[in-house]
Amino acid sequence: MSLNITAQIERVEPLNWWVGFKNNNLQLLVKGKNISNAIPSIIYDGIHIMSIEKGSSPNYLFLNLKIEKDTKPGKFDIVFHQDNNELKYKYELKGRKKNAEDFIGFNSSDAIYLITPDRFANGNEVNDQVSGLKDQTLNRQQDYFRHGGDIRGIINHLDYIDEMGFTAIWPTPLLTNDMSESSYHGYAITDFYQVDPRFGTLEAYVELAEKLKERGMKLIMDQVANHCGIEHWWMKDLPFDDWINQQENFLKKQIVLKSNHRRTVNQDLYASEIDKQLMADGWFVDAMPDLNQRNPFMATYIIQNSIWWIETLGLGGIRQDTYPYPDKDFMSDWAGAIMNEYPNFSIVGEEWSVNPLLVGYWQKGANNKDGYKSNLSSTMDFPMQHNIVAALNENEEWDTGLIKIYEGLANDFYYPSPNDIMIFPDNHDMSRIFTQLGEDITKTKMALATVLLLPRIPQIYYGTELLLSDIAKPGDHGLIRTDFPGGWLGDEVNGFTGEGLSDNQKEMQSFLKKALNYRKGSKAIHRGKTIHFAPDNGIYVLFRVLDDETVVMILNKNTEPVQLDLNRFKEMRLDQKPMKNIISDEPIIWNSPLEILEKGVVLLTTKM
């Protein structure tokens, strides 16, 4: 008796796979009622079932397949023999659309626009609320409710993002978060293979990726290896006894310990075992179960999921959330597996520490005392972000003020590859830079210019160009992730068109657009030499140089006009050279003294 009853097999993941990987092994997770009693078979040239593993739950099977190098793309049946019946599941091996070497990751020539999709633009009001999902809130007046932004909203405004001068976008997670509250932010994923229907469809996600590629832009995917959402489908029937950390306590409804968030245990030569265990195995919060990457099936699941999304979307990079929290040996394996398949790819990991020693530990090439090899191309420069804010807020003294940027940049000797580190004025988890700088427009321009001129990969959070602020409730995540003006029908202020913007907002938007578009074509900023001079008399000067292009950034904290003696910078060989102000297009001649009339930033270039 042969029955085609695919519907009785609840899911097979990954949803499909491809031929032509260096690693020719594929592990399929199969879920279905009592499926562990079935014996699977596949008849297809070039595919072999190497082993079959049962989970602790009777409702799981794991099939370890080998895909030969010359296997052809195609569809085939996985036949499950069970109780004199045959259950058939159609599976597909696809051909790869481009060579692995052509997956080019983000680098220092890029400028990344970070977007919280629910708060950026509502392109499809039909999917604002989806029946069957637990969170049915929809109220733009409530910071922690859903507001309706979606993938279509991003697609509709790619012209704006492109014209502003950005070359890549990083949306916070777009996968299903079927959580009962605060589902808008995306970090409590309940299905790692499904786009949240309130954001759109997989087809829309692919369309976003394709439209970015048409513009020569990149899509960076925000992924989460450390945890899932408490409402993830497998939480009701866990595949193994150790699929998540503290699983026994969770199942018995006992207290589940939270992470101690002591990320230094990853490097600390003296860390106690209990501190290390609490860091790695503690849950981030109650609503986010901690995944056990030491379980080899979980480890393979996460790695394959990342590769599936890279191939499906043609990604230009991954941003990995809470990088120091999962098992660190697994994270090395995860990044290594991806970079082995995609040698020109990029991954940035989040290590929220203002200590450069901790951040540098995670970057590929670090000479770590414990021998740890991360395989991670990029880390996030929280130390320099912290220094920039301090430099602009503090009074100028011997050890405060602009010296913080100067000495912070001096720490680059420690990083294996400073140019590959991601710098930012703020992000979705911290107060807006305009708020951090006391809603001072001049300081905000100085911060943004610094971010764009340093030997780094810059990331700017959406709405920074419009001076979005959380000053009413500093640090409140719902307010930090406020709506982009003009992203909804009926908005009186529209940042995309300029309608209703204040003079200050227009000024900031124009400033950032000018700086970004210059940066886009500046080889000196992308990969030039960096030379800076110690702050003196409230002024810090930094040069980026490559061939015949020199870019100069002058940060001036003096409120009265000053005469800057250019003789100090003789080694830069700019004497009497014609230059141009990048923001105003005003021509100048580099000769001493240079009069600076007001507090702020001056950006000059020899490229006329």
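If you're wondering where the values come from, they're calculated on a predicted model, not measured in any experiment.
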Query raised in the report: Where do Leu291 and Phe192 come nearest, in terms of heavy atoms and distance?
Result: CD1-CZ, 4.3 Å
Requested in this report: Any pair with a residue in residues 421-434 that passes side-chain hydrogen bond (donor to acceptor under 3.5 Å, both in side chains), sequence neighbours left out, goes on the list, sorted by first then second residue, please.
Outcome: Tyr187-His428, Asp429-Arg481, Ser431-Asp470
Report summary line: The side-chain hydrogen bond (donor to acceptor under 3.5 Å, both in side chains) partner of Asn245 among Asp290, Asn226, Asp327 is Asp290
Requested in this report: Indicate yes or no for a side-chain donor-acceptor contact from Lys97 to the backbone of Gly95 under 3.5 Å, with no hydrogens or angles considered.
Outcome: no
Report task. Give the intermediate values and the outcome of salt bridge (charged side-chain N to carboxylate O under 4.0 Å, His left out) for residues Lys90 and Asp77. Result -> CA-CA 5 Å; Lys90 189 71 71 178; Asp77 287 330; 3.1 Å; yes
Query raised in the report: For the residue pair Pro197 and Asn127, what are the closest heavy atoms and their distance?
Result: O-CB, 3.4 Å
Requested in this report: Please step through side-chain hydrogen bond (donor to acceptor under 3.5 Å, both in side chains) for the pair Glu231 and Thr190, ending with a clear verdict.
Outcome: CA-CA 6 Å; Glu231 300 293 344; Thr190 58; over 6 Å; no
Query raised in the report: Is there a side-chain contact between Pro117 and Pro171, using heavy atoms and a 4.5 Å cut-off?
Result: yes
Query raised in the report: For Met235, does its backbone N or O pair with a side-chain atom of Asp237 as donor and acceptor, under 3.5 Å?
Result: no
Requested in this report: Inspect the surroundings of NZ in Lys253 and state if more than 12 heavy atoms from other residues, nucleotides or ligands are less than 6.0 Å away.
Outcome: no
Report task. Look up atom CD1 in Ile112 and atom CE in Met422, then write down how far apart they are to the nearest 0.5 Å. Result -> 3.5 Å
Report summary line: Exactly one candidate in Tyr60, Phe297, Trp234 meets ring-ring contact (aromatic ring centres under 6.0 Å, His included) with Trp243; the answer is Trp234
Query - Derivation of the ring-ring contact (aromatic ring centres under 6.0 Å, His included) call for Trp233 and Tyr193 - result: CA-CA 11 Å; Trp233 59 263; Tyr193 281 97; 9.4 Å; no
Query raised in the report: Near Lys213 NZ, under 6.0 Å, is it more than 12 heavy atoms from other residues, nucleotides or ligands?
Result: yes
Query raised in the report: Out of curiosity, Asn156 CG to Asn122 CG, how far, rounded to the nearest 0.5 Å?
Result: 9.5 Å
Report task. Quick one: sort the Trp352 and Phe382 rings into parallel, tilted or perpendicular, breaks at 30° and 60°. Result -> parallel
Report task. State, without any angle test, whether Ser109 and Asn107 hold a side-chain donor-acceptor pair at a distance under 3.5 Å. Result -> yes
**Report entry** Over 12 foreign heavy atoms within 6.0 Å of NE2, His477
**Finding:** yes
Requested in this report: Determine, for Lys513 against Glu465, whether the closest basic-nitrogen to carboxylate-oxygen distance falls under 4.0 angstrom.
Outcome: no
**Report entry** Main-chain N/O of His526 paired to Ser108 side chain as donor or acceptor, under 3.5 Å
**Finding:** yes
**Report entry** Donor-acceptor contact present, side-chain Gln293 to main-chain Ala225, <3.5 Å
**Finding:** yes
**Report entry** CD/Gln142: more than 12 non-hydrogen atoms of other groups inside 6.0 Å
**Finding:** yes
Query - Under 3.5 Å donor-acceptor, Ser377 side chain and Ile347 backbone - result: yes
Query raised in the report: In chain order, what residues pass the side chain to side chain contact (heavy atoms under 4.5 Å, CB included) check against Thr312, with sequence neighbours excluded?
Result: Trp18, Leu202, Val206, Trp308
Query raised in the report: With sequence neighbours left out, which residue pairs that include part of residues 486-496 fulfil the side-chain hydrogen bond (donor to acceptor under 3.5 Å, both in side chains) condition?
Result: Arg140-Asp491
**Report entry** Over all atoms of both residues, closest heavy-atom pair of Phe62 and Pro239
**Finding:** CZ-CB, 4.1 Å
Query raised in the report: Counting only N and O atoms by type, is there a donor-acceptor contact under 3.5 Å from the side chain of Asp196 to the main-chain atoms of Asn177?
Result: yes
Requested in this report: Supply the atom-to-atom distance Met288 CE to Met179 CE, rounded to the nearest 0.5 angstrom.
Outcome: 6.5 Å
Query raised in the report: With no hydrogens and no angle check, is any side-chain donor or acceptor of Ser259 less than 3.5 Å from a backbone partner on His261?
Result: yes
Report task. Mark yes or no for whether Asn124, through its side chain, and Val126, through its backbone, hold a donor-acceptor pair below 3.5 Å. Result -> yes
**Report entry** Full working for salt bridge (charged side-chain N to carboxylate O under 4.0 Å, His left out) between Arg146 and Asp135
**Finding:** CA-CA 8 Å; Arg146 296 194 78 97; Asp135 187 353; 5.1 Å; no
Query raised in the report: Can Asp110 and Thr167 be said to form a side-chain hydrogen bond (donor to acceptor under 3.5 Å, both in side chains), step by step?
Result: CA-CA 5 Å; Asp110 288 304; Thr167 64; 2.7 Å; yes
Report summary line: Output for pair (Asp143 CG, Ser182 OG), nearest 0.5 Å, gives 10.0 Å
Query raised in the report: Looking only at heavy atoms, which two atoms of Ala447 and Leu437 are closest? And how far apart?
Result: CB-CD1, 3.9 Å
Query - Value rounded to 0.5 Å, distance of OG in Ser346 from CG in Leu315 - result: 11.5 Å
Requested in this report: First locate atom CD1 of Ile460, then atom CG of Leu448, and finally report the distance between them rounded to the nearest 0.5 Å.
Outcome: 5.0 Å
Query raised in the report: Under 3.5 Å, side chain of Glu351 to main-chain N/O of Pro324, donor-acceptor pair present?
Result: no
Requested in this report: Test Glu13 against every option in Asp191, Asn305, Leu28 by the side-chain contact (heavy atoms from CB on, under 4.5 Å) rule and name the one that passes.
Outcome: Asp191
Query raised in the report: Does Gln136 reach the main-chain N or O of Val130 with its side chain, forming a donor-acceptor pair under 3.5 Å?
Result: yes
Query raised in the report: Looking at Tyr184, does the NZ or CZ of Arg119 lie under 6.0 angstrom from its six-membered ring centre and within 45 degrees of the ring axis?
Result: yes
Query raised in the report: Does the gap between the ring centers of Phe496 and Phe120 come in under 6.0 Å?
Result: yes
Query raised in the report: Which atom names give the shortest non-hydrogen contact between Lys506 and Leu501, and what distance separates them?
Result: CE-O, 3.6 Å
Query - Set of residues satisfying side chain to side chain donor-acceptor pair (under 3.5 Å) with respect to Glu311, sequence neighbours excluded - result: Arg96, Tyr342
Query raised in the report: Salt-bridged, Glu181 to Lys134, with N to O below 4.0 Å?
Result: no
Report task. Give every residue pair that meets the salt bridge (Lys or Arg N to Asp or Glu O under 4.0 Å) criterion with at least one member in residues 434-450, sequence neighbours excluded. Result -> Lys445-Glu507
Query raised in the report: What pairs meet the salt bridge (Lys or Arg N to Asp or Glu O under 4.0 Å) rule with one or both residues in residues 148-167, with sequence neighbours excluded?
Result: Arg152-Glu207, Asp159-Arg215, Asp162-Arg215, Asp162-Lys520
Query raised in the report: What's the shortest heavy-atom distance between Ile525 and Arg519, and which atoms?
Result: CG2-NE, 3.6 Å
**Report entry** Heavy-atom side-chain contact between Ile115 and Ile161 under 4.5 Å
**Finding:** yes
